Amino acid sequence: MRILRTSVDPNAFFVSLGRAPRGVLLLDYDGTLAPFRVAREEAVPYEGVRERLSALVEAKKTRVVVVSGRWTRDVLPLLGLPSPPEIWGCHGWERLRPREAPEVEPIGEEAVRGLVEADEWAEREGLRPRCERKPASTAIHWRGLLPEEVHVLKDKVFARWPRIAEDAGLAMRTFDGGIELRAPGRDKGSAVRTVLSEESDRAPAAYLGDDQTDEDAFRALEGRGLRVLVREELRPTEADLWIRPPGELLDFLDRWIGAAGGGPSG
């Protein structure tokens with residue numbers, strides 16, 4: 001664990017967590033709880049993560065919330081927990097509470113039109129295998145391609161998508177391994193703000209994430225909790241701490257369990 005901001009005291013945070021009735025642990029999925037995979041359906045959590053999250057969910061002294069760019073329907077089976085936590089999908093557009101039906105925020109007609117146009121363009125360009133369609137966005141993935149192939153794909157996308165984005169009022173955001181065309185108005189920070197609004201101001205909270213889309217969540221948590229960057233290499237970030245997966249991630253979860261309770265982590 002490396003402290004990125006001198007104003008942050010992780011030890012004091014975990015002491016407060018131990019004294020609080022309940023803590024809030026928000027976690028990104030890909031790149032944070034699970035390693036990236038070219039075949040996205042194979043991106044299961046790092047060994048040991050499931051046992052630790054399950055212990056926290058079962059103990060009920062921590063509100064565990066997974067915040068992902070994926071659909072909740074994709075995250076749920078990958079997590080593979082006997083008692084699933086709350087999941088926010090599609091960068092804050094979709095919410096899945098345990099044992100309830102997903103809730104999806106409506107998007108405007110103009111945004112829908114733009115996303116349909118982007119989907120149809122990807123189909124015509126033969127990019128369907130690399131295109132991920134979601135309720136409020138469309139993503140193109142280039143993970144696993146050779147550098148020269150990535151360059152060609154980027155040129156193709158940037159020759160068309162900016163115009164679609166401008167015409168339909170959509171946002172273009174890069175992420176680790178691809179680019180996404182997204183309806184504006186919500187992001188991972190929206191999910192964080194909603195969750196925090198439902199909790200006491202005194203509830204210790206932390207968000208763990210790895211890529212640029214998690215910066216929205218880090219900003220939403222500023223002055224309210226612990227912001228943890230989880231990745232092999234440091235990059236510019238609003239986070240307070242930097243840890244490397246999987247070892248330091250498991251250590252962090254163990255420390256959370258030790259402070260908040262949750263039984264053996266396995």
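It should be emphasised that the depicted structure is a prediction, and the values quoted were computed from it without experimental measurement. For the single chain, residues carry numbers from 1 onward in sequence order.
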Problem set entry | Salt-bridge contact D176-R143 (side-chain N to carboxylate O under 4.0 Å) | yes

For this session: Taking the six-membered ring for Trp and the full ring for Phe, Tyr or His, determine whether the centres of H91 and F175 are under 6.0 Å apart.
Result: no

For this session: Inspect the contact between E149 and R130 and indicate whether a charged nitrogen and a carboxylate oxygen are less than 4.0 angstrom apart.
Result: no

Exercise. Same hydrophobic cluster for W71 and L76, using side-chain heavy-atom links shorter than 4.5 Å among ILVMFWY?
Worked result: no

For this session: Classify the side-chain pair E215/T237 by whether it contains a donor and acceptor separated by less than 3.5 Å.
Result: yes

Exercise. So do V228 and D240 actually touch side chain to side chain, heavy atoms under 4.5 Å?
Worked result: no

Exercise. Does a salt bridge link R40 with E132, judged by any charged N lying under 4.0 Å from a carboxylate O?
Worked result: yes

For this session: Report yes if some heavy atom in the side chain of C131 is under 4.5 Å from a heavy atom in the side chain of R128; otherwise report no.
Result: yes

Exercise. For the hydrophobic clusters of this structure (ILVMFWY residues joined by side-chain heavy atoms under 4.5 Å, transitively), does one cluster hold both V75 and W88?
Worked result: no

For this session: Using only heavy-atom distances, determine whether the side chains of Q212 and T174 contain a donor-acceptor pair under 3.5 Å.
Result: no

For this session: Please examine the side chains of W161 and I140, heavy atoms only from C-beta on, and report whether any two atoms are closer than 4.5 Å.
Result: yes

For this session: Take L250 and R52 through the test side chain to side chain contact (heavy atoms under 4.5 Å, CB included) and record every step on the way to the result.
Result: CA-CA 8 Å; L250 299 180; R52 288 161 171 82; 3.8 Å; yes

